[in-house]
Amino acid sequence: MIDMQRLNSGYSHCAGVWKTMMILPFLCLANVFAQSGADVHLENSVLQLIWREGKNGYQLQSLALKDGVGGKKQLTMATQQRTILYAKHKPLDKSSIVYDHDGKLIHFPDSQYRYVIPIWSQSLSPVSLNTAGEVLHYQPTIAASASRSGLRFQYENEKIALSEEWNLDPDHTHDIRVQMTLKAKQSGYYSLSSPSLAIGDRKQFQWAVIPGLFQGAALNPDFVDAYAYGHGIPDRPVIVRERTASTLVALLTTQSGVTLATVAEPGTARDPWLKDAKTHADWKLGLSLMNRNNELTPTLYHPVLGEAGSYLNEGQEITFSFRYTIQQTSWYNVLGHVIKDVYKFSDFLKLKETNRSLTDRLYAMYDYVLADSTSKWRTVSDKNTVIGAQDYLGGVYGSAKDAMKNSDYGAMWMLARLTGDTTLKQQRLPAALNFKLQQQQREPGLFYGSAAGQYYLYRSQQFTEEWGPYSEPIGTSYYMLMDIGNILLFEPDRSDLKQALRKAADWLLSTMHPDGHWEVAYDNKSGRPMFEDLSDLRPTFYGLLVAHQLLKDEKYRAGAIKAANWFVEHAAKKGWFLGVCGDTRFAPDFATAQSIQALLDMYTLTKDPRYQTAAYQVTRYYTTSIYTHPIPSREIKRVNGTARQDWEISQAGLGFEHGGIMGSANHHGPILLSSHAGLFVRLYAQTKDSLLLDMARAAAWGRDAFVDANTGVASYYWDAMNKGAGPFPHHAWWQLGWITDYLLSEAAVRSNGKISFPSGFITPKVGPHRSYGFDKGRIFGRSVDLKMKKGLISLDNAQIDYILATNSDTKELYIVLLNNSVDQQEIQLKLDKGQSQRLFGSEQREACLLNANGENEIGMAASPDWKITLPATGLKVMKINYQ
């Protein structure tokens, strides 16, 4: 509502007012506040804002949040509330020289980080550092009521004529919608800044975050640590790009628990594929957690000074629409409101259609990884042992285009078990196993028992790390303990593997510091620690958990607990993480999602609730690694000459390899490898947080535009579209792994846990998905074996995925059907008669359709052909008896 007591009725005729003001002919105002010292109110049941007119114009005097019982919580007002940036000439693009607080020149990163250097340099431009342009501070000189729940402010000087419309959102009582319109009276570059409302104490606040870039409970004076790694909040008013801002909002939770967010209205920021080419790097929106006056307050800029749309000739206009949301709740709840209510994230699922089911992709990738030509499978001799892996054509330290790598050992052994394929069992797995055993350091000394490196260079006959001659403790957790651990689940009697596992675990224990942390890496030649400016904020402790689970040695359990406790205190609680990709100097990445599953497994091991609490907290952080913008639509675009609807190529729902200032998402956008999807489904089952389920489904469903038609393999980076594995053929194994993990997690959730299969350990290194099939599962109380039988089943509806399982004792086949759409679906299910007969060596006897509770819904005659209806996002099970 508007305070009507000080309305001056003499200004009720708009024409006279605008003639006096000599600015744009905006909508007619109902009333204008003209009395000196008048208070202007904007108020509803939860918010109260009061502006007071002083000698320089209107200043926000009070912002209060009502508690519903007559009380109010007053927030601290910003000193410098309104700012416009102006430059007569385009600001320079070149990097600024940056100094630390001791006056020393900051040198970062090292010269070998060729992927990072250009984008780091770009992030040091005067515009990015918010030092560019002339600062125009202003206070509106005219205020008026525009409606019962709205205000309009006006200001004019020799450079600009400015109008602000403020309206309380009738659907969301904590939100205020604002539209600013600027008319240039002088030609030049202009950038509108969202007015500063309340501020936080720079020394004491609960949390601040720009999703995808920064998060923390304190300002960090270490510029590189904060700006490059997102460890806390930079103590400078830097402005970041929307290309790695996962949600277009800046949030601050004050010490009193009030969260203030400034949110760009949909359509403000860049569209990553505007028409027929990538426009991911366009810069239309700037986000900051400080205003130009260094006050801690969420701030947005549009257009960005010097960027497209910011140059105005005299008489031209620009507009900027955004909203504030102010709530007595956590930053995560406000982020959820922005994602769900402003950016309509769940509506994306309504657009999702697919011509190729996830199950179909699994079977296509089975063919892909089996064929030597497509999978780039190679065997070579290392120390008189035949080892096998896939060619890797990306950059590797010391490589002469001769690098080899295996990615997902759990998926390799899982596929062999589920299919029974003799080529996998007799040729691929033995050579891959030899690769794994040869990968362990066997020479006495500092590195005895550790992993020698991710890659093997067959010309120089040596293992190496991706980006330098160093060894990381997490590399041993990954490539010794987790990989070997997954193999042992399928081959539990292998004494050579247990011996290798123990050596690796002992090395990991020996390098752990007394407080439970590890160095990031050691120089292979000198043995000295490297990257001492960084802490190992990664789930390295998980390797010791694997060792304990398989070897049952108490010292590994004790070590895992000590290290996990360190991780909880220094990473999980602070929201500070480190990545595992050496080429970006360990920018935070999908290892953060791995730590969620690692902490949940620690909770299962110890029943210590601290680990579960930490896992849930890290989950909330990881949602900021998932794109939620722009809002997908059915607009037609062109991709390499092919017509695509916008939703088909949308970034929404996809996660980063690494985001932030220096991650690959700056160049390439997100990745299609959605290893977090199954975990998010499982977490939904525990927390009932629907955002997690929506994010999992948005990542997994209907991604045909990125899938190679011949192989079923999705491209790694978003901007590659449908080029398949490209130089990364081993990625197909990760895709087999995460899709299986996702489908089985959905089956478990939709059946309320009545369909479940034991899961293995996390796989290195793209996220938290796990392997299955090493032990029997259960479907509605019946013990079953997970299976893959190519050609046994055919469906006529790609929205439906399926999982196969058998009970050989009772001669039963189970077909778990998953409707991966938000609409009811009908399917024609056909069973290949020959394959069906060979399953148990007998004919079908009867069939029935079970609902998600395991109840017999329809009895069916033995047949190779059925019509079935599945409810939206539903599950049904076809049970076929053969005796």
Side-chain angles (χ1 to χ4, degrees), residues 100 104 106-113 116 220 222-226 228-232 396-398 439-455 462-482 503-544 559-560 562-571 574 576-589 591-592 594-595 658 662 764-765:
D100 65 18
K104 295 180 180 178
I106 293 175
H107 293 285
F108 181 85
D110 301 324
S111 60
Q112 67 267 35
Y113 294 102
V116 172
N220 187 350
D222 185 326
F223 180 69
V224 170
D225 199 35
Y229 290 94
H231 294 163
V396 175
Y397 176 80
Q439 200 172 10
Q440 188 167 39
Q441 291 277 11
R442 297 179 181 178
E443 297 296 324
L446 175 63
F447 296 107
Y448 178 73
S450 68
Q454 293 181 60
Y455 303 89
Q462 62 177 326
F463 284 91
T464 186
E465 197 42 71
E466 183 175 23
W467 217 248
Y470 53 77
S471 296
E472 302 171 64
I474 199 168
T476 294
S477 279
Y478 275 173
Y479 305 113
M480 292 291 101
L481 293 161
M482 290 158 66
K503 289 177 182 177
D506 287 343
W507 183 84
L508 202 60
L509 269 182
S510 72
T511 53
M512 185 173 70
H513 287 264
D515 66 350
H517 85 275
W518 280 275
E519 299 292 340
V520 171
Y522 295 94
D523 179 81
N524 285 344
K525 187 174 182 180
S526 68
R528 289 193 294 267
M530 296 178 63
F531 308 105
E532 293 183 277
D533 58 313
L534 301 173
S535 296
D536 188 37
L537 303 168
R538 305 179 288 193
T540 307
F541 63 85
Y542 191 73
L544 294 177
K562 180 184 287 188
N565 289 346
W566 184 91
F567 182 86
V568 168
E569 292 300 319
H570 294 85
K574 295 174 70 174
W576 292 22
F577 303 99
L578 200 68
V580 293
C581 295
D583 54 358
T584 54
R585 205 177 185 271
F586 313 113
D589 59 19
T592 302
Q594 283 186 326
S595 69
H658 18 64
M662 61 181 185
K765 72 175 179 177

* Looking at side-chain heavy atoms only, is the closest gap between Phe541 and Ser477 below 4.5 Å? -> no
* Asked: Can you find a pair of side-chain heavy atoms, one from Phe567 and one from Phe577, that are under 4.5 Å apart?
  -> yes
* **Residue pair Gln454 / Tyr479, side-chain donor-acceptor N/O under 3.5 Å** => yes
* **Side chain proximity check, Leu537 to Tyr229, heavy atoms < 4.5 angstrom** => no
* Counting distance only, does the side-chain N/O of Lys562 pair as donor-acceptor with the main-chain N or O of Pro514 below 3.5 Å? -> yes
* Begin with the C-alpha distance, continue with both residues' side-chain angles, and end with the deciding distance and a verdict on side-chain contact (heavy atoms from CB on, under 4.5 Å) for Lys503 and Gln440. => CA-CA 9 Å; Lys503 289 177 182 177; Gln440 188 167 39; 3.6 Å; yes
* Asked: Taking the six-membered ring of Phe108, is the NZ or CZ of Arg585 close enough (under 6.0 Å from the centre) and on axis enough (within 45°)?
  -> no
* To do: Evaluate the side-chain proximity of Trp518 to Leu508: yes if any heavy-atom separation is below 4.5 Å, no if none is.
  => yes
* Answer yes or no: is there a side-chain heavy-atom contact under 4.5 Å between Trp566 and Met512? => no
* Would you give the length of the straight line joining atom OH of Tyr522 to atom CG of Leu446, rounded to the nearest 0.5 angstrom? => 7.0 Å
* Under 4.0 Å between a Lys/Arg side-chain N and an Asp/Glu carboxylate O for Asp536 and Arg538? -> yes
* Kindly indicate, with the supporting measurements, whether the criterion side-chain contact (heavy atoms from CB on, under 4.5 Å) is fulfilled by His570 and Trp576. => CA-CA 7 Å; His570 294 85; Trp576 292 22; over 6 Å; no
* **Check against side-chain contact (heavy atoms from CB on, under 4.5 Å), Ile474 and Phe586** => CA-CA 12 Å; Ile474 199 168; Phe586 313 113; over 6 Å; no
* **His513-Asp515 side chain donor-acceptor pair, cut-off 3.5 Å** => no
* Asked: Can His231 and Asp225 be said to form a side chain to side chain donor-acceptor pair (under 3.5 Å), step by step?
  -> CA-CA 6 Å; His231 294 163; Asp225 199 35; 2.8 Å; yes
* Check: Ser595 and Tyr542 side chains under 4.5 Å, non-hydrogen atoms -> no
* Does the side chain of Glu519 reach to within under 4.5 Å of the side chain of Thr511, using non-hydrogen atoms? -> no
* Asked: Below 4.5 Å, heavy atoms only, C-beta onward: do Ser535 and His517 meet side chain to side chain?
  -> no
* To do: For Tyr113, look at atom OH and say whether over 12 heavy atoms of other residues, nucleotides or ligands are found less than 6.0 Å away.
  => yes
